[in-house]
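Each chain gets a letter, A, B and so on, in the order the sequences are listed, and its residues count up from 1.
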Number of protein chains: 2
Amino acid sequence: MARQRTKSGKIRLAEVASLAGVSLTTASRFFRTPEALSPGKRERVASAADKLGYEPDLAARALASQRTEVIGVLIPSLTNNVFSDVLRGVYDAADGSPFTIQLVNTHYSVLQEEKLLRLFRAQRPAGLMVTGINQTPNSRAVMQSMDCPIVQIMETGPEPIDMMVGFSHSDAAFSAVAHLIAQGRKRIGFLGARMDPRVQRRLEGYRRAMKAAALLEPRFILTTPIPTSVSVGGVLFGDLLARAPDIDAVFCINDDIALGTLFECQRRQIAVPDDIAIVGFNDLEFMAAAVPSLSSVRTNRYEMGRDAIAMLIAAIAGERPARPVVDLGFELMVRQSSMPRHSP
Amino acid sequence: MARQRTKSGKIRLAEVASLAGVSLTTASRFFRTPEALSPGKRERVASAADKLGYEPDLAARALASQRTEVIGVLIPSLTNNVFSDVLRGVYDAADGSPFTIQLVNTHYSVLQEEKLLRLFRAQRPAGLMVTGINQTPNSRAVMQSMDCPIVQIMETGPEPIDMMVGFSHSDAAFSAVAHLIAQGRKRIGFLGARMDPRVQRRLEGYRRAMKAAALLEPRFILTTPIPTSVSVGGVLFGDLLARAPDIDAVFCINDDIALGTLFECQRRQIAVPDDIAIVGFNDLEFMAAAVPSLSSVRTNRYEMGRDAIAMLIAAIAGERPARPVVDLGFELMVRQSSMPRHSP
DNA sequence: CAATCCTTTGGCAGCGCTGTCAATAATAGT
DNA sequence: ACTATTATTGACAGCGCTGCCAAAGGATTG
């Protein structure tokens with residue numbers, strides 16, 4: 001009898017086939033197109049595979065079929081807890097599917113992104129998920145040549161490479177600032193850090209809302225390229241106050257900055273919302289628990305990751321979505337920090 | 001001339017070889033053992049590969065060599081922001097190496113862990129990183145049969161499967177509670193959620209410290225199986241207060257719970273630290289920024305992920321560490337929330 | 001100068017699986 | 001009953017690369 005077992009003791013498909021009394025081809029077919037097998041053989045291959053504890057060799061499969069079951073995921077940062085929610089959705093959606101997530105970190109660098117895309121292309125992924133819509137022409141070209149479904153997440157915009165699931169950061173910021181204006185706030189600060197493309201668009205939304213109310217003043221806007229954190233939020237707020245002591249509200253580009261601002265207010269005995277109103281962005285869990293509770297713009301991060309991967313998996317199976325661009329929207333969560341002032 | 005280019009237009013190694021004027025074997029050797037090539041050929045293969053933009057086919061390589069350059073990483077949760085720091089270290093350490101991280105989520109389930117380990121084994125990873133030390137006998141058996149370096153992280157303990165990098169959660173908790181006792185606190189609550197093995201050991205450390213001071217009382221201990229969050233922290237603290245209104249300090253199993261406790265104190269006008277001292281665990285960034293700043297036990301999560309992967313990569317290269325178990329320790333960060341009371 | 005050893009190179013047989021095509025069996029149509 | 005289809009199955013040739021072994025030089029040694 002010919003060699004059945006591989007050197008390493010691993011069970012090969014040939015062994016399953018011979019135990020089931022079928023050809024290698026039929027055994028292989030059991031895993032690819034089980035419906036093409038007669039019920040009898042299907043059953044026999046299944047039980048043989050089960051009895052032997054067969055696990056397919058993915059490398060051999062990938063080589064022979066020229067396809068993989070890998071979904072490449074490009075994320076700009078692992079630090080940012082926004083992405084940890086997205087990733088939860090990503091992994092949850094991939095769970096139970098045959099697909100494997102291959103996560104890589106671009107560190108907010110478009111060159112790194114280009115390099116990683118080339119690397120992915122060489123491995124023929126089944127699908128690809130990329131963050132944002134600001135890919136370089138080179139990156140777009142690489143993706144276009146990849147012949148696998150691709151989904152862009154976090155934002156929506158014109159000219160999707162393939163599919164998109166996100167929301168309008170500009171509109172979300174606009175609505176937050178419009179809310180503050182509606183509450184009677186006039187001198188609304190903007191606190192931004194690590195000014196990535198999405199944050200830039202939030203700034204754009206802020207500008208649009210302020211300009212519409214004829215309240216826009218450059219001195220209200222304070223940004224820094226350094227990464228965000230709660231401490232940075234406190235420092236930024238302090239700096240803003242030094243520059244524009246008359247502000248009566250701040251829109252923070254994320255919740256860490258907002259929490260840092262709240263702490264700084266507590267430290268300086270500034271009453272929130274009576275002296276200063278605060279609105280954050282993302283609506284992390286702690287915003288509702290803070291004292292006072294902090295207003296924020298809820299974004300659907302988990303759903304974004306989950307739906308993006310689900311769309312990808314469907315597209316890999318040939319089911320193109322009806323609409324390739326999905327806008328998950330946002331919701332303004334108004335809490336104590338941006339409520340009307342107590343009457344004096 | 002024989003087929004050079006693969007159907008998909010991908011450049012194969014044979015093409016590089018012929019452009020460089022060497023045999024396929026030599027070209028292959030350039031990527032495996034470049035030092036075995038004569039400088040001249042090495043140079044020619046390098047420039048040919050570069051000119052053609054050659055990217056190796058990893059599936060073919062894996063199949064032929066019976067090895068992969070994949071490091072499997074098993075993490076129990078993607079929600080827990082403790083792990084996002086670990087993962088940052090993991091990905092940073094893998095960056096620049098030929099190794100690829102394959103991340104999977106066990107959802108705190110040992111059965112899931114077992115299943116995932118079997119799946120990994122079938123793909124012959126180059127190395128493996130698993131969380132914690134509470135693997136089932138089955139899981140240990142699978143790992144032992146895997147013939148690749150394995151590192152356990154988050155904790156230290158006896159009988160490493162192979163290597164370990166972590167710290168003693170029990171000692172860390174002990175030192176936090178001992179600190180509170182040293183500050184004159186007598187009725188110290190314990191707030192725990194999602195009681196995973198590491199949290200259990202923190203409880204053990206708390207018990208040890210309290211018992212040593214003859215202060216241990218069951219009513220001080222409040223735990224819940226539900227996942228942690230800031231809100232849950234607030235609720236737990238409220239419940240603890242209802243049960244033991246006389247407590248003068250709380251040790252929280254993580255910083256989210258601690259922050260929730262602080263907020264709940266603010267809500268109830270309980271003075272921190274005068275009425276209640278608070279100590280958290282992990283020392284997330286916001287702890288220092290809170291008002292009052294919150295004491296915590298600093299754990300080296302980033303370093304844990306980074307060092308674990310570095311050890312793995314070294315071990316794959318044949319460089320076994322001098323000591324297979326690395327204790328990264330912890331540091332008690334004493335801040336305002338556990339300072340002495342103001343004199344009355 | 002021959003014998004020996006080391007360095008460098010190439011030929012070749014797979015790695016475990018899938019895609020293609022042909023063969024056969026079963027079913028339907030006339 | 002006989003042919004046309006369709007449903008099942010199997011044989012076989014690779015997928016692109018590496019590991020092994022042998023060959024060819026070159027250097028070294030006695």
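Distances shorter than 4.0 Å separate none of the side-chain N or O atoms of B:Gln66 from OP1 or OP2 on C:dG14. Taking 4.0 angstrom as the limit, B:Tyr54 places none of its side-chain polar atoms (N or O) nearer than this to OP1 or OP2 of D:dG16. Look at B:Ser38 and you won't find any side-chain N or O under 4.0 angstrom from OP1 or OP2 of C:dT7. For C:dG10, one of the phosphate oxygens OP1 or OP2 lies less than 4.0 angstrom from a side-chain nitrogen or oxygen of B:Ser23.
Nucleic acid contact for B:Thr25: base, since at least one base atom lies under 4.0 Å from a heavy atom of the residue. Across all strands shown, A:Phe31 has no heavy atoms under 4.0 Å from either base or sugar-phosphate atoms. Looking at heavy-atom distances under 4.0 Å, A:Arg42 makes no contact with the nucleic acid at all.
Side-chain atoms of B:Arg29 and base atoms of D:dG19 include no donor and acceptor less than 3.5 Å apart.
Under the side chain to side chain contact (heavy atoms under 4.5 Å, CB included) rule, A:Thr131 has a single partner from A:Val86, A:Ile75, A:Thr106, which is A:Ile75.
Here C:dT9 presents its P atom at 9 Å from CZ of B:Arg44, a figure rounded to the nearest Å. The separation between A:Leu13 atom CG and D:dT9 atom P is 15 Å, rounded to whole Å. Atoms CD (A:Glu55) and P (C:dG16) sit 15 Å apart, rounded to a whole Å. Between the CZ atom of B:Phe30 and the C1' atom of D:dC17 there is a distance of 16 Å, rounded to whole Å. In this structure, A:Leu24 atom CG and C:dT18 atom C1' are separated by 9 Å, rounded to whole Å. In this structure, A:Ile11 atom CD1 and C:dC17 atom C1' are separated by 16 Å, rounded to whole Å. If you take CG of B:Leu63 and P of C:dG16, they are 7 Å apart, rounded to a whole angstrom. Rounded to a whole Å, the NZ atom of B:Lys10 is 8 Å from the P atom of D:dG16.
A:Thr26 and A:Ser23 share a donor-acceptor pair across their side chains, judged by distance under 3.5 Å alone. Side-chain contact, B:Gln123 with B:Thr68: no donor N or O sits under 3.5 Å from an acceptor N or O. Using modelled atom types, one finds no donor on one side chain facing an acceptor on the other under 3.5 Å when comparing B:Glu114 with B:Gln135. Side chains of B:Arg32 and B:Ser28: a donor-acceptor N/O pair is present below 3.5 angstrom, by distance only.
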